[in-house]
Protein chains: 2
Amino acid sequence: MKGKITLKQISKELDVSISTVSKALKNSTEISLETREKVQAFAKLYNYRPNNIALSLKNRKTKNIGVIIPEIVHHFFASVISGIEHEANEKGYNVIICLSTESFDKEVINMEMLANGSIDGFIISLTKETQMLKDYHHLQEVINQGMPLVMFDRIVDEIKCDKVVIDDKKGAYDAVTELIEIGCKNIGLISTVDYVSVGRLRTEGFLEALKDHNISVNQDAIIKIEDIENCRENIAPLFDHKIDGIFAVNEIFALTAMNIARERGLRIPEDVSVVGFTDGELSKYASPGLTTVSQNGLLIGQEAARMLIEKIEDESEDYKTKIVKTKLIVRKSTKSRS
Amino acid sequence: MKGKITLKQISKELDVSISTVSKALKNSTEISLETREKVQAFAKLYNYRPNNIALSLKNRKTKNIGVIIPEIVHHFFASVISGIEHEANEKGYNVIICLSTESFDKEVINMEMLANGSIDGFIISLTKETQMLKDYHHLQEVINQGMPLVMFDRIVDEIKCDKVVIDDKKGAYDAVTELIEIGCKNIGLISTVDYVSVGRLRTEGFLEALKDHNISVNQDAIIKIEDIENCRENIAPLFDHKIDGIFAVNEIFALTAMNIARERGLRIPEDVSVVGFTDGELSKYASPGLTTVSQNGLLIGQEAARMLIEKIEDESEDYKTKIVKTKLIVRKSTKSRS
DNA sequence: AATTTTCTCCCAAACGTTTTCGTTAACAGA
DNA sequence: TCTGTTAACGAAAACGTTTGGGAGAAAATT
């Protein structure tokens, strides 16, 4: 019993036309009850299922959505995928995933591959390189082709499309405000380079929080890191200043800072309070647990998928930007409020 | 400029037949140079790309591979996906991901969806439920249909197909041997319930290591956990016994144990040495760093994709099982060798 | 001049569906 | 007997490709 059975084979076997088989399977009253039952029984016996590719070609709908992300071994992106997949699955869509591995070229190539009929719409988070180069022609192209596109997290204002983001600035502002309110006077920042949109926004939130509380900024206590792999060396100098609080824009920076601090004999949170960003596994299982700004990846993914599918099915023309709320999750890496 | 341009449109525009356009674009010498150049220029101008769906239908090859995993917010699975994606991408394949979320029914439904022509082959890791129910009809069905299938990690002997696994038993054996050799006398085990294949195998490795070193087994120091969410309550009783070593079958169990130990005033590794399984982010950034058995997810994914694509393209009939080596990564959660 | 070869090019089938529009035959009404 | 209606089914087009087999005309051979 090799290969799937087709309408044609059934029609030949039962000595009726292909169209009769198709209609019979749809239980059309156009076909006599007798024939219908015969066809349906046969189809069931051979476990007939319509071929998706043929359907896609006919309907010009693939029921696939394409997702392009820089990386997947990454708690945030993985949870976004999870959210996308759940929403998509519920609506009868499949998810095709391409990894750009932070390379502009791969991002472009992947988009072009998928844009040639494989999918009905895109969900994408840009690579750092794309954000640096500011080259968005590939995005504009698919939009021009009439293919819906939703961007999340690493977005870009120049492109008009649906977007899902968290309020990075406010998340950072809240985190830093917490540090200030528990009594920190010298707060360090560990961020990414500025062309990464989320890094820039979180830095802005950091600065604004300090300003609003009349705390002057110590430029030496602001570290911007390009390469996450050897962030240790970049972070270490921070402890040459006498700081009592650290805001890091991701979990790894935060934990690395905590580890260095401990090695230098500083206690957490008594001597230094630390707040991170992204509530992943690391924050939860670190010791002490890391106080962190939670960005609900699952929800972001769900929203993105929902917006995309709506665009695919309704073709409406207005572009929305959905802002998913962040929440400060207080654990033991920050002093408790007195 | 909406929608993609087709051969038909080009042919109409240039007043030649569709087949002439197709052949001209393939630079067939059958077509006069003049016509070829005209067609190619036009195609380039309008950025013509063949429609993947039409190609799939024609060639009866989708160049898609389907991956079904229980969960994606999970370091190991995410890295397997990453490995699959890289290998697939290199060979010109796309990856369609479905999450079974540990549900047998979703696994079956997803397989049926994809099996109807959407993909050329499967890579799958079974849900716990499937392993418990021992119902593999959906797997056998796709195999009978002639669709290649590769299983990884959570596999099953009853199904004949290509497989990629790590040597769970040996990994566990090595880990426990390390504990014994650094002087642990009372070693506890934190495992999963037995129907999960990897949990069972790692438990076997644990037992065998003890036996080979003539250490008797204390059944009370063996904990089998069903639900990872509230593993804390299950693990806590372990410390009612005087243990000096712990082998946990995953990172979370290990870290949870470490946290509980610390709360009870036990020092790590001085009082208790802990070894985990899976070298994820948690192990790396925990403090102290967790000694762990590394299972190279990336490599597993690559191997699985490689085997699958070979089956897709060569249709050979022999089934192999590839065993990817584990490696014990020693960090600070275990005493150093004296 | 008649035949064959060569060069261009095009038709049509095929992949597996769905759906519109016939077509045929039986039967009723006039 | 003729027209109209209805039930049951089938042919064909369409989605966008690729490709084997022609076809027509010019060039070359006999």
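Values below: every heavy atom of this structure, side chains too, minus hydrogens, waters and symmetry copies.
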**Asked** In whole angstrom, what separates Asn116(A)'s CG from dG16(D)'s C1'?
**Response** 12 Å

Using atom types as modelled, flag every donor-acceptor pair under 3.5 Å from a side chain in residues 106-114 of chain B to any protein atom, sequence neighbours excluded.
| residue | atom | partner | partner atom | Å |
| --- | --- | --- | --- | --- |
| Glu107(B) | OE1 | Thr127(B) | N | 3.0 |
| Glu107(B) | OE1 | Thr130(B) | OG1 | 3.3 |
| Glu107(B) | OE2 | Thr130(B) | OG1 | 3.0 |
| Glu107(B) | OE2 | His138(B) | NE2 | 2.8 |
| Asn110(B) | OD1 | Asn89(A) | ND2 | 3.3 |
| Asn110(B) | ND2 | Leu99(B) | O | 3.2 |
| Asn110(B) | ND2 | Lys106(B) | O | 3.1 |

**Message:** By the definition side-chain contact (heavy atoms from CB on, under 4.5 Å), identify the one residue from Ile323(A), Ile300(A), Leu299(A) that meets it with Ile166(A).
**Reply:** Ile300(A)

**Asked** Between dC15(D) and Lys8(B), is there an OP1 or OP2 to side-chain N/O distance shorter than 4.0 Å?
**Response** yes

**Asked** In whole angstrom, what separates Asn27(A)'s CG from dC9(D)'s P?
**Response** 13 Å

**Option among Leu7(B), Thr6(B), Leu55(B) that satisfies the side-chain contact (heavy atoms from CB on, under 4.5 Å) test with Pro50(B)** = Leu55(B)

**Prompt:** When the distance from CD1 of Ile10(B) to C1' of dT17(D) is rounded to whole Å, what number comes out?
**Reply:** 12 Å

**Asked** Checking Ser100(A) side chain against Ile69(A) main chain: does a donor-acceptor pair fall under 3.5 Å?
**Response** yes

**Fill in**
Leu33(B) CG to dT6(C) P, in whole Å, measures 21 Å

**Item:** Any Arg60(A) side-chain nitrogen or oxygen under 4.0 Å from OP1 or OP2 of dG16(D)
**Value:** yes

Listing, residues 25-35 of chain A side-chain donor-acceptor contacts under 3.5 Å, not counting sequence neighbours, or none:
| residue | atom | partner | partner atom | Å |
| --- | --- | --- | --- | --- |
| Asn27(A) | OD1 | Arg36(A) | NH1 | 3.3 |
| Asn27(A) | OD1 | Gln40(A) | NE2 | 3.1 |
| Ser28(A) | OG | Glu30(A) | N | 3.1 |
| Glu30(A) | OE2 | Lys23(A) | NZ | 3.1 |
| Ser32(A) | OG | Thr35(A) | N | 3.3 |
| Ser32(A) | OG | Thr35(A) | OG1 | 2.7 |

**Request:** Find the distance Asn51(B):CG to dC15(D):P and express it as a whole number of Å.
**Result:** 12 Å

**Item:** Among Lys320(A), Arg306(A), Lys311(A), the one residue meeting side-chain hydrogen bond (donor to acceptor under 3.5 Å, both in side chains) with Asp162(A)
**Value:** Lys311(A)

**Message:** Using the side-chain heavy atoms of Ile31(B), tell me which of these nucleotides is nearest: dC9(C), dT17(D), dG16(C).
**Reply:** dC9(C)

**Message:** Please report the distance, rounded to the nearest Å, between CD in Glu37(B) and P in dC9(C).
**Reply:** 12 Å

**Request:** Using a 4.0 Å heavy-atom cut-off across all strands, classify Ser56(A) as base, sugar-phosphate, or nothing.
**Result:** nothing

**Prompt:** Does the Asn64(A) side chain pair with the main chain of Gly66(A), one donor and one acceptor, at a distance under 3.5 Å?
**Reply:** no

**Complete:** Separation of dA11(D) atom P from Lys12(A) atom NZ, nearest Å, is 13 Å

**Message:** Does the protein touch nucleotides 18-28 of chain C at the base, only the backbone, or not at all? Give it as B, S and - per nucleotide, heavy atoms under 4.0 Å.
**Reply:** BBBB-------

**Prompt:** What's the CG-C1' distance between Leu57(B) and dA14(D), to the nearest Å?
**Reply:** 12 Å

**Asked** Would you say dC9(D) has OP1 or OP2 under 4.0 Å from some side-chain N or O of Thr35(A)?
**Response** yes

**Fill in**
Between Arg36(B) and Gln9(A), whichever has its closest DNA chain C nucleotide further toward 5' is Arg36(B)

